[in-house]
Amino acid sequence: MPELPEVEVTRLSFAGAIAGGKVVSARLGKPLRWPLGVPVEQLVGQTVRGVRRRGKYLLIDLTEGLLLMHLGMSGSVVFGHGLPVAGAHDHFDLKTDRGTLRLNDPRRFGAVVFATAESDPVAQKLLGKLGVEPLGDDFRLDSFRSGLAGRKTAIKQVLLAGDIVVGVGNIYASEALFLSGIRPTSKANRLSRPRVERLHQAIRDVLSRAVEKGGCTLRDFSDANGDAGYFQLEAMVYARAGQPCKICAAEVRQIRQGQRSTFFCPKCQKP
DNA sequence: CACGGATCCTGATGGC
DNA sequence: TGCCATCAGGATCCGT
């Protein structure tokens with residue numbers, strides 16, 4: 001469910017409300033991808049300073065340390081007072097006097113990890129190799145180009161790897177490549193300068209537009225207040241195999257790359 | 001060190 | 001209705 005826009009929309013939906021909240025209790029459900037790292041009692045009494053995002057991680061700053069939360073493939077967050085009794089897929093609750101933050105994640109590819117600081121090796125193991133933020137000033141065309149120059153793999157795979165630029169997941173990778181007219185199978189290091197420039201711009205455009213629209217709701221995305229996003233209405237190629245391209249009417253194709261589905265228009269996107 | 005593949009887990013969906 | 005195979009928004013780990 002969550003690529004950068006969904007994570008950012010989620011963050012925006014509860015960051016203001018939880019800030020300043022004092023942790024009353026916390027509970028863990030079934031194990032997530034990694035152990036929390038501290039007993040939940042250690043969180044009690046701490047104050048939530050604020051919530052940031054790095055790539056697809058939510059960083060929940062506490063008085064002493066921070067929680068790194070990842071939504072994996074199927075994670076979502078709810079925040080509020082008087083939440084229902086935790087269900088089978090509610091694997092983390094952080095109850096504060098401003099409301100309870102709850103992570104629901106059926107597949108449990110997500111994670112909640114405690115680190116004493118962002119520089120803590122525990123945090124750096126997760127954040128250390130991440131690429132630049134696509135919507136920030138650090139996402140420069142020249143460094144993007146030199147990053148791609150070192151990769152012989154398909155451009156789609158490079159985008160997903162997240163070590164050059166973060167936040168582009170399976171949906172937005174297909175969409176950004178469509179917008180820039182690049183075949184997903186093209187080798188990253190063979191893209192011409194103008195094509196890299198178009199891709200650079202397309203990544204920014206597609207992600208920022210999705211954030212504005214409130215995230216993607218392809219299956220079941222909703223933010224911490226339960227509000228759904230609308231990106232699905234705008235997908236140009238994702239999940240549209242066999243349907244006509246919205247620009248040229250050619251049939252949208254679906255292929256597999258690294259066990260993930262890729263969608264593209266064979267006419268609009270040149271190898 | 002860059003690459004491709006296997007892997008974690010549960011639920012939805014479609015074919016028979 | 002049941003059973004089985006396939007697929008799903010992510011990212012790490014491991015062998016080459």
Side-chain angles (χ1 to χ4, degrees), chain A residues 1-11 29-35 53-58 68-77 87-92 103-113 121-131 146-177 184-190 206-207 210-211 213-223 228-235 237-242 254-263:
Chain A
M1 159 196 323
E3 300 183 32
L4 182 147
E6 292 74 36
V7 177
E8 179 64 7
V9 168
T10 297
R11 184 186 76 82
K30 286 193 192 174
L32 291 162
R33 180 160 193 168
W34 299 292
R53 180 189 56 73
R54 178 72 178 100
K56 296 170 190 168
Y57 286 92
L58 290 168
L68 295 89
M69 182 178 286
H70 198 290
L71 305 182
M73 289 276 260
S74 57
S76 63
V77 152
H89 303 308
D90 295 325
H91 303 304
F92 181 70
L103 174 65
N104 178 279
D105 184 5
R107 290 175 73 181
R108 291 190 281 132
F109 288 178
V112 183
V113 172
V122 174
Q124 280 307 303
K125 172 142 197 238
L126 303 178
L127 306 177
K129 288 185 176 175
L130 294 183
S146 57
L148 296 185
R151 304 298 194 91
K152 301 180 188 171
T153 327
I155 180 62
K156 160 91 175 334
Q157 310 259 58
V158 173
L159 294 179
L160 285 187
D163 49 356
I164 294 180
V165 58
V166 294
V168 183
N170 206 39
I171 295 178
Y172 298 109
S174 280
E175 292 297 308
L177 288 166
T185 47
S186 299
K187 308 292 179 207
N189 61 352
R190 300 247 192 85
V206 73
L207 294 180
V211 172
K213 295 270 179 182
C216 169
T217 181
L218 183 69
R219 282 195 163 65
D220 52 10
F221 174 73
S222 62
D223 67 21
Y230 301 97
F231 186 79
Q232 64 174 351
L233 302 174
E234 306 213 342
V237 288
Y238 188 83
R240 298 193 65 244
Q254 175 173 9
I255 57 172
R256 300 291 284 181
Q257 289 182 287
Q259 11 262 78
R260 314 293 302 275
S261 285
T262 299
F263 301 86

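Quick note on labels: first sequence line is chain A, next is B, and so on, each numbered from 1.
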Rounded to whole Å, please give me the gap between [atom1] in [X] and [atom2] in [N].
X	N	atom1	atom2	value
A:Leu71	C:dA11	CG	P	10 Å
A:Arg260	B:dT7	CZ	P	17 Å
A:Ile164	B:dA2	CD1	P	10 Å
A:Asp105	C:dA11	CG	C1'	13 Å
A:Gln157	B:dC3	CD	P	10 Å
A:Gln259	B:dG5	CD	C1'	5 Å
A:Ile171	C:dC7	CD1	P	17 Å
A:Arg107	C:dT12	CZ	P	16 Å

| said: Quick test of the criterion, 5.5 Å between centres and less than 30° between planes. Is A:Phe109 stacked on C:dA11 or not? | reply: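 The base of C:dA11 is not stacked with A:Phe109 (the test needs centres under 5.5 Å and planes under 30°).
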Please state whether the phosphate of [N], meaning OP1 or OP2, lies under 4.0 angstrom from any side-chain nitrogen or oxygen of [X].
X	N	answer
A:Ser74	B:dT10	no
A:Lys56	C:dA11	yes
A:Lys30	B:dT10	yes

| Which residue, A:His89 or A:Thr153, contacts DNA chain B at a nucleotide closer to its 5' end, judged by nearest heavy atom? |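 It is A:Thr153, whose closest nucleotide lies nearer the 5' terminus.
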| query | Looking at A:Asp105 and A:Lys30, does any basic side-chain N land under 4.0 Å from a carboxylate oxygen? | reply |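 The answer is no: the pair does not qualify as a salt bridge.
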| Reckon A:Lys125 touches a base, only the sugar-phosphate, or nothing at all at heavy-atom distances under 4.0 Å? |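 Result for A:Lys125 = sugar-phosphate.
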| task | Scan A:Gly258 against the nucleic acid and name what it touches under 4.0 Å (heavy atoms): base, sugar-phosphate only, or nothing. | result | nothing
| A:Arg108 (side chain) donor-acceptor with A:Gly110 (main chain) under 3.5 angstrom | no
| Pair partner, B:dC9 [Watson-Crick or wobble, under 3.5 Å] |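 Across any shown strand, B:dC9 pairs with none.
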| request: Kindly indicate whether the side chain of A:Ile155, heavy atoms from C-beta on, has any atom under 4.5 Å from the side chain of A:Leu177. | output: yes
| Test item: A:His70 and A:Arg33 side chains (from C-beta on) under 4.5 Å apart, heavy atoms | no
| Between A:Glu6 and A:Tyr172, do the side chains contain an N or O donor and an N or O acceptor separated by less than 3.5 Å? | yes
| task | Check whether the side chains of A:Ser261 and A:Arg256 place a donor and an acceptor atom closer than 3.5 Å, and report yes or no. | result |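 A:Arg256 and A:Ser261 do have a side-chain donor-acceptor pair below 3.5 Å.
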| note | Judged by nearest nucleotide, the residue sitting upstream toward the 5' end of DNA chain C, A:Leu130 or A:Ser261, is A:Ser261
From C-beta outward on [X], which listed nucleotide comes closest to its side chain: [options]?
X	options	answer
A:His70	C:dG10, B:dT10, C:dT12	C:dG10
A:Arg33	C:dC7, C:dA11, B:dG11	C:dA11
A:Arg151	B:dA2, C:dA8, C:dT12	B:dA2

| field | Span that lies between the C1' atom of C:dT12 and that of B:dG11, in whole angstrom | value |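 Each nucleotide's C1' atom is 23 Å from the other's.
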